[in-house]
Number of protein chains: 2
Amino acid sequence: MNNTNSSPSFHPLYQQIKILITQSLISGEWRPGEAIPSEIELASRFNVSQGTVRKAISELADENLLIRHQGKGTFVASHTEERRQLHFVRITSDKGGVIYPEGKLLECRRGKADSAIAKLLEINTGASLVVIKRLLNVSARPLLLEEIRLAAAMFKGLNADVINRHECKMYSMFESEFGIRITQVVEQIKAVAPNSEAVKLLKLNTGAPLLCIERVAYTYGDKPVEWRKSLCNSKEHYYMNKIV
Amino acid sequence: MNNTNSSPSFHPLYQQIKILITQSLISGEWRPGEAIPSEIELASRFNVSQGTVRKAISELADENLLIRHQGKGTFVASHTEERRQLHFVRITSDKGGVIYPEGKLLECRRGKADSAIAKLLEINTGASLVVIKRLLNVSARPLLLEEIRLAAAMFKGLNADVINRHECKMYSMFESEFGIRITQVVEQIKAVAPNSEAVKLLKLNTGAPLLCIERVAYTYGDKPVEWRKSLCNSKEHYYMNKIV
DNA sequence: GAGTGGTCTAGACCACTCA
DNA sequence: GAGTGGTCTAGACCACTCA
């Protein structure tokens, strides 16, 4: 590959390599957790220098799509990995320290997408959905009540058994059962008064306000995959965010 | 500079260059908005190759401490810059689109640090504080009620006049009046019931829950500078967060 | 010892800015 | 045209892993 472009629409080689690697991730040529070819192999495959491949891989590693391990190789990032299990969980205990929520499935049924959900998931209004409700406990006390909506077409065969088999761990289940890796999430956070269902299931004193976190989760190529609404009792926990 | 280290405690050259550049930022050798020397000049100053300086600068640019402009040079990042004015503001309107809050100063007085604040700001318990209260309006409607606490020792001469002269824009005021640039913030978010002051100043219906955002803001070298508590009416706005 | 990614260099050439 | 950062290469050597 070479770069004979002159000024208008100049695209660096390493950007093109990034796109090629991302396409291999989308196509499933390399699956989450697997090693990708070495930098030298990729360089000869794409006909560029190792340095150019390095730059492409570095940016993909910065975006958490790949993980490099000196001496071992470069791997497709996976939600199953130890340190990424709680990557998208921003709820922290007031006492400090990580929380390890236990999920309990309340419901798993089919539904239809209204226009709002359809727009967020980039599917047609009326398309079939999987609707999931779950409760998350921390130290045996209810902390989060969640409703999750997925495009049924992408999750064929998903049911309560599958979810329970994976102990309600959704994103690692997405990967191993459906080959879908969540790469980023966007959240909108509000304070709300609890509804009666939340009061009951989260065992609240009436009047206690909740955090309401609406999330859209994306896979490779910024494709939306999941919509989620979480109600969180923030009496003894908070949502943590660091802005650099 | 050369790197004669063998295995134990190996520190790459570019990391050492990063530290040297950061020290120049802390010392004020280059102030926010100013250009730093060119890569070639820095390379000869530090006795390394241009590539090594580039790697150091790239990481500092990723951390938003420097900004590179092709053809012009590399500059110390500044809060005053157009696109960074709202960098730490995560509140968004339900209708979408950026908000442009107008600040109104309610109070600026001296206080003493209790042990909790002292620990967060890494100062002594009982040390003198500047305590500021302000209200932020969007489209002439009150949205945020904030209390800010600063170590008085770092902000000598700060008073209501100074704040008003800067139209209540705190972080650009920190830079131009005190040479303190905020580089990162950490926030803890909860849902709370409003107190009577918030009900009055934010013109709430009683019972409407609020987002409570507690922030610690840091300058170069992860030094804490500001503690802030914001109460936000999330009826028509939300806190936006993207996790990659 | 072979293979991986990580650092560092020197040098060529390009895109962009400004006078 | 001079000066800046941006891309790309080729090559040397290092740190780390694994057999």
Side-chain angles (χ1 to χ4, degrees), chain A residues 1-21 30 33-78 81-83, chain B residues 1-21 30 33-77 81-82:
Chain A
M1 186 178 288
N2 64 356
N3 212 339
T4 47
N5 290 16
S6 54
S7 189
S9 81
F10 166 71
H11 290 295
L13 265 180
Y14 77 90
Q15 296 279 16
Q16 301 174 44
I17 305 298
K18 271 184 75 174
I19 291 169
L20 291 171
I21 293 175
W30 315 307
E34 289 179 9
I36 72 170
S38 74
E39 294 175 355
I40 290 172
E41 279 179 88
L42 289 173
S44 87
R45 166 160 159 185
F46 297 132
N47 267 301
V48 296
S49 75
Q50 189 185 357
T52 300
V53 170
R54 278 192 67 73
K55 180 142 186 175
I57 290 178
S58 293
E59 294 206 351
L60 292 169
D62 288 344
E63 296 164 26
N64 289 321
L65 300 187
L66 298 174
I67 298 187
R68 321 171 81 163
H69 290 294
Q70 188 176 10
K72 293 172 73 175
T74 301
F75 298 79
V76 182
S78 165
E81 231 176 296
E82 190 73 35
R83 48 183 275 279
Chain B
M1 188 179 285
N2 64 357
N3 212 340
T4 47
N5 290 16
S6 54
S7 190
S9 81
F10 166 70
H11 290 295
L13 264 180
Y14 77 90
Q15 295 278 16
Q16 301 174 43
I17 305 298
K18 272 185 74 173
I19 292 168
L20 291 172
I21 293 175
W30 315 306
E34 289 179 8
I36 72 169
S38 74
E39 296 175 353
I40 292 171
E41 280 180 87
L42 289 173
S44 87
R45 167 159 157 184
F46 297 133
N47 266 302
V48 297
S49 75
Q50 190 185 355
T52 300
V53 170
R54 280 191 66 73
K55 179 142 188 174
I57 289 178
S58 292
E59 294 206 350
L60 292 169
D62 289 344
E63 296 165 24
N64 290 320
L65 300 188
L66 298 175
I67 298 187
R68 321 171 80 160
H69 290 294
Q70 189 176 8
K72 293 172 72 176
T74 301
F75 299 79
V76 182
E81 231 176 299
E82 191 73 33

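Protein chains get the first letters and strands the later ones, always in sequence-line order, with residue 1 at the start of each.
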Taking only residues two or more places apart in sequence, or in another chain, which ones meet [X] in a side-chain hydrogen bond (donor to acceptor under 3.5 Å, both in side chains)?
X        : value
Gln70(B) : none
Arg68(A) : Glu39(A), Ser58(A)
Thr74(B) : none
Ser44(A) : none

Grab the [atom1]-[atom2] distance between [X] and [N] for me, whole Å please.
X        : N       : atom1 : atom2 : value
His11(A) : dG6(D)  : NE2   : C1'   : 15 Å
Tyr14(B) : dT9(C)  : OH    : P     : 13 Å
Phe10(A) : dG5(D)  : CZ    : P     : 17 Å
Glu39(A) : dC16(D) : CD    : P     : 17 Å
Glu41(B) : dT4(D)  : CD    : P     : 6 Å
Ile40(B) : dA2(D)  : CD1   : C1'   : 11 Å
Leu66(B) : dT4(D)  : CG    : C1'   : 15 Å
Phe75(B) : dC16(C) : CZ    : P     : 17 Å

| message | With a 4.5 Å cut-off on side-chain heavy atoms, are Ile67(B) and Glu81(B) touching? | response | yes

Please enumerate all residues that pass side-chain contact (heavy atoms from CB on, under 4.5 Å) together with [X], with sequence neighbours excluded.
X        : value
Ala43(A) : Val53(A)
Ile40(B) : Ser38(B), Gln50(B)
Glu34(A) : Trp30(A), Arg31(A)

Contacts of Tyr14(B) meeting ring pair (Phe, Tyr, Trp, His ring centres under 6.0 Å) (sequence neighbours excluded), chain-then-number -> none

Picking from dT9(C), dC8(D), dT9(D), the nucleotide nearest the side-chain atoms of Val48(A) would be dT9(D)

Side-chain atoms of Ser38(B) come closest, of dA15(D), dT4(C), dG5(D), to dG5(D)

Passes side chain to side chain contact (heavy atoms under 4.5 Å, CB included), Leu42(B) versus Ile57(B)? Steps please. CA-CA 10 Å; Leu42(B) 289 173; Ile57(B) 289 178; 4.1 Å; yes

The salt bridge (charged side-chain N to carboxylate O under 4.0 Å, His left out) partners of Glu59(A) (sequence neighbours excluded) come to Lys18(A)

OP1 or OP2 of dT4(C) under 4.0 Å from side-chain N/O of Arg68(A) | no

Collect all protein-nucleotide pairs involving nucleotides 17-19 of chain C in which both atoms are nitrogen or oxygen and the distance is under 3.5 Å.
none

So, with a heavy-atom separation below 4.0 Å from DNA chain C, the residues of residues 49-58 of chain B are Ser49(B), Thr52(B), Lys55(B)

Pairs under 3.5 Å (Watson-Crick or G-U), crossing ones as [ ], inter-strand ones as |: DNA chain D comes out as ||||||||||||||||||.

